[in-house]
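A short worksheet on the structure shown next.
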Amino acid sequence: MDLADKVFAKYSNRNTMCWTSLISGYCSHALLDRARELFDEMPEKSDVSWSVMVVGYVQNERHGEAMELFLKVKFFTSMNLNRSLLVSALRACSTLGAFEEGRWIHSYIDSNQFEYGVELGTAFLDFYAKCGLILLSKEVFDKMPNTDVMTWSAMIASLALNGYSHSAIQFFLNMLRSKLKPNSITFVGLLAACNHGGLVDEGMTYFKDMVTVYKISPSIEHYGCMVDLLSQAGQTKKVEEMILSMPFEPDGAIWGSLLHGCFVHGDIELAERVGRVVLEVEPDHCGRYVGLANAYAVMGRWEGVAKVRREMEERGVAMIAGWNYTNICRLGMP
DNA sequence: TTAGGGTTAG
């Protein structure tokens with residue numbers, strides 16, 4: 001990118017398109033701050049310049065800055081808002097839970113008679129699902145003239161997220177009927193559905209089918225779903241075997257799921273062992289200490305609880321208070 | 001020169 005910068009500096013006939021291309025290049029190399037500098041320096045910005053910058057922020061998971069820029073273009077310019085910009089702005093809305101902004105984009109699209117392409121439609125159904133309005137997601141899905149793997153995967157994951165496990169499975173079966181081939185992410189959604197619904201047999205079947213029928217090798221996310229599902233179902237020994245046979249280094253979330261399962265099902269001996277591993281993997285994560293302390297508490301082993309508390313203090317791990325109503329009141333903000 | 005989908009605790 002340095003070379004691109006030098007060439008750009010020497011190039012005398014710089015137009016908006018050159019500036020925008022360079023910004024896009026910086027964004028795709030995750031050099032967002034440099035991209036933003038150039039964006040701010042640009043003498044004239046096109047609608048594509050704005051969208052490239054917003055897209056860049058969203059793709060690099062800087063949703064707050066994406067939203068800020070989106071609001072700027074919306075309120076302080078008379079620029080046309082193009083589809084790419086709106087799709088990315090919608091993604092930012094989904095992540096930030098900015099419901100009103102997302103609704104505004106919807107009305108903008110309707111009043112400007114934009115067609116629902118697969119990208120826009122998929123972004124919309126995802127937005128509504130993340131806001132908990134799964135019926136609106138389904139409405140968007142039904143209105144879409146074309147759908148593809150990503151649309152179906154988004155719908156399956158959305159149903160799973162909102163607790164409609166059986167409908168998610170039904171959607172998966174319909175997807176197969178419409179001759180679309182599921183991919184790795186489709187299965188993350190499907191296994192998440194099985195997990196949320198406690199559907200152990202279905203989960204096991206789809207996990208196996210994924211490998212044997214669809215030739216997709218499981219990622220840590222797929223294992224994460226299975227570990228959580230089997231742990232909650234009390235199959236803790238089986239889970240430990242699964243974790244140890246994984247071709248990845250298990251992370252704290254994986255061990256944490258098993259620890260929680262042990263706690264719920266009273267598998268105390270395993271809880272203690274897993275709890276120790278969890279603290280080694282994530283020594284700064286306050287929730288892991290709570291998990292182990294809870295397992296000790298269930299056993300009535302209060303010396304264990306006290307030991308975990310002491311370790312937390314010694315290592316300087318702070319408890320993070322949840323942002324619930326009780327805590328808000330405690331802070332004097334009713 | 002620009003766009004969409006991913007599970008997880010007390």
Side-chain angles (χ1 to χ4, degrees), chain A residues 15-28 35 45-56 58-59 81-92 94 116-127 129-130 137 140-141 144 146-158 160-161 168 182-196 203 218-229 231-232 251-264 278 282 285-295 297-298 319-322 324:
Chain A
N15 59 23
T16 306
M17 227 200 242
C18 291
W19 281 90
T20 307
S21 304
L22 191 62
I23 292 169
S24 167
Y26 275 115
C27 288
S28 51
K45 297 173 179 62
S46 68
D47 66 312
V48 182
S49 323
W50 285 92
S51 60
V52 161
M53 199 61 234
V54 172
V55 167
V58 171
Q59 288 185 336
L81 307 179
N82 64 41
R83 299 161 75 92
S84 318
L85 183 132
L86 293 172
V87 168
S88 286
L90 255 183
R91 271 186 75 186
S94 309
Y116 278 80
V118 273
E119 294 93 348
L120 199 50
T122 306
F124 261 117
L125 76 84
D126 178 62
F127 165 74
K130 290 201 171 116
S137 303
V140 172
F141 183 89
M144 288 173 68
N146 295 304
T147 53
D148 64 9
V149 194
M150 283 168 92
T151 320
W152 285 83
S153 302
M155 199 62 222
I156 291 166
S158 296
L161 177 73
N183 64 19
S184 175
I185 290 170
T186 317
F187 277 99
V188 174
L190 183 65
L191 296 178
C194 297
N195 184 10
H196 288 164
S219 69
I220 192 136
E221 287 87 356
H222 300 113
Y223 277 106
C225 293
M226 292 312 290
V227 164
D228 209 49
L229 173 61
S231 298
Q232 304 251 23
D251 58 14
I254 296 250
W255 286 117
S257 285
L258 177 54
L259 177 60
H260 182 67
C262 293
F263 161 70
V264 171
V278 167
E282 285 187 327
H285 192 305
C286 70
R288 308 295 179 217
Y289 292 84
V290 176
L292 181 56
N294 284 342
V298 156
M319 286 282 280
I320 300 165
N324 58 22

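Quick note on labels: first sequence line is chain A, next is B, and so on, each numbered from 1. Given the structure is predicted, the values throughout are model-derived calculations rather than measurements.
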Apply the test side-chain contact (heavy atoms from CB on, under 4.5 Å) to residues A:Thr122 and A:Met144: give CA-CA distance (whole Å), side-chain angles for both, the deciding distance (0.1 Å), then the verdict. CA-CA 9 Å; A:Thr122 306; A:Met144 288 173 68; 4.0 Å; yes
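- A sub-4.0 Å separation between OP1 or OP2 of B:dG5 and a side-chain N or O of A:Arg91 is present.
- Within 4.0 Å (heavy atoms only), A:Ala157 reaches sugar-phosphate atoms of the nucleic acid but no base atom.
- Interface remark: the A:Ser51 side chain does form a donor-acceptor pair with the B:dT2 base, using a distance-only criterion of under 3.5 Å.
- In this structure, CG of A:Leu90 is placed 15 Å from C1' of B:dT2, rounded to the nearest angstrom.
- Within the nucleic acid shown, A:His222 has no heavy atom closer than 4.0 Å to any nucleic acid atom.
- Applying the side-chain contact (heavy atoms from CB on, under 4.5 Å) test between A:Val52 and each of A:Ser88, A:Ser24, A:Ser84, A:Ser46 identifies A:Ser24 as the sole match.
- For the pair A:His285 NE2 and B:dG10 C1', the interatomic distance rounds to 11 Å; values are reported in whole Å.
- The phosphate of B:dG4 has OP1 or OP2 within less than 4.0 Å of a side-chain N or O from A:Gln59.
- Here B:dG6 is the nucleotide among B:dT2, B:dG4, B:dG6 with the atom lying nearest to any side-chain atom of A:Lys130.
- Regarding A:Leu258, its CG atom lies at a distance of 17 Å from the P atom of B:dT8, rounded to whole Å.
- Under 3.5 Å, the side chain of A:Asn82 and the base of B:dT2 form at least one donor-acceptor pair of N or O atoms.
- Within 3.5 Å, a donor on the side chain of A:Thr151 pairs with an acceptor on the base of B:dG4, or the reverse.
- A:Gly224 comes within contact range of at least one nucleobase, with a heavy-atom separation under 4.0 Å.
- A:Lys45 has its NZ atom 15 Å from the C1' atom of B:dT1, to the nearest Å.
- Distances from the side chain of A:Glu221 to the nucleotides B:dT1, B:dG6, B:dT2 place B:dG6 closest.
- A close approach under 4.0 Å does occur between a side-chain nitrogen or oxygen of A:His260 and OP1 or OP2 of B:dG10.
- Atoms CG and CH2, from A:Leu22 and A:Trp19 in turn, are 8.5 Å apart once rounded to the nearest 0.5 Å.
- Checked against B:dG4, B:dG5, B:dG10, the side chain of A:Val290 finds its nearest nucleotide in B:dG10.
- Residue A:Gly291 is classed as having no contact, given no heavy-atom separation below 4.0 Å to the nucleic acid.
- Within the nucleic acid shown, A:Leu191 has no heavy atom closer than 4.0 Å to any nucleic acid atom.
- Atoms CD1 (A:Ile156) and P (B:dG5) sit 15 Å apart, rounded to a whole Å.
- A:Asp47 comes within 4.0 angstrom of nothing in the nucleic acid, heavy atoms only.
- Listed nucleotides: B:dG4, B:dG10, B:dT2. Nearest to the side chain of A:Ala123: B:dG4.
- Within the 4.0 angstrom heavy-atom criterion, base atoms lie near A:Val118.
- The side chain of A:Glu119 sits closest to B:dA3 out of B:dA3, B:dG5, B:dG10.
- Among the nucleotides B:dT2, B:dT8, B:dG5, the one closest to any side-chain atom of A:Val149 is B:dG5.
- Relative to the side chain of A:Ser21, the nucleotides B:dT8, B:dT1, B:dG5 differ in distance, and B:dT1 lies closest.
- As rounded to whole Å, 15 Å separates atom P of B:dT8 from atom CE of A:Met226.
- Side-chain atoms of A:Cys286 lie closest to B:dG10 of the nucleotides B:dA3, B:dG10, B:dT7.
- Under the side chain to side chain contact (heavy atoms under 4.5 Å, CB included) criterion, A:Asp251 pairs with A:Ile220, A:Ala253, A:Ile254, sequence neighbours left out.
- Within 3.5 Å, no donor on the side chain of A:Ser24 pairs with an acceptor on the base of B:dT1, nor the reverse.
- Between the CG atom of A:Leu85 and the P atom of B:dA3 there is a distance of 11 Å, rounded to whole Å.
- Using the six-membered ring where Trp is involved, A:Phe141 and A:Trp152 have ring planes that are perpendicular, over 60° apart on the 30 and 60° scheme.
- Comparing atom distances between the A:Met17 side chain and each of B:dT1, B:dA3, B:dT7 picks out B:dT1 as nearest.
- Regarding A:Leu22, its CG atom lies at a distance of 13 Å from the P atom of B:dT2, rounded to whole Å.
- Nucleic acid contact for A:Val48: base, since at least one base atom lies under 4.0 Å from a heavy atom of the residue.
- Under the rule for a salt bridge (charged side-chain N to carboxylate O under 4.0 Å, His left out), the partners of A:Asp126 that lie at least two apart in sequence or sit in another chain are A:Lys130.
- Checking A:His260 against A:Ser257 by side-chain atom types alone, no donor-acceptor pair falls below 3.5 Å.
- Of the candidate nucleotides B:dG10, B:dA3, B:dG5, B:dA3 has the atom lying nearest to any side-chain atom of A:Arg83.
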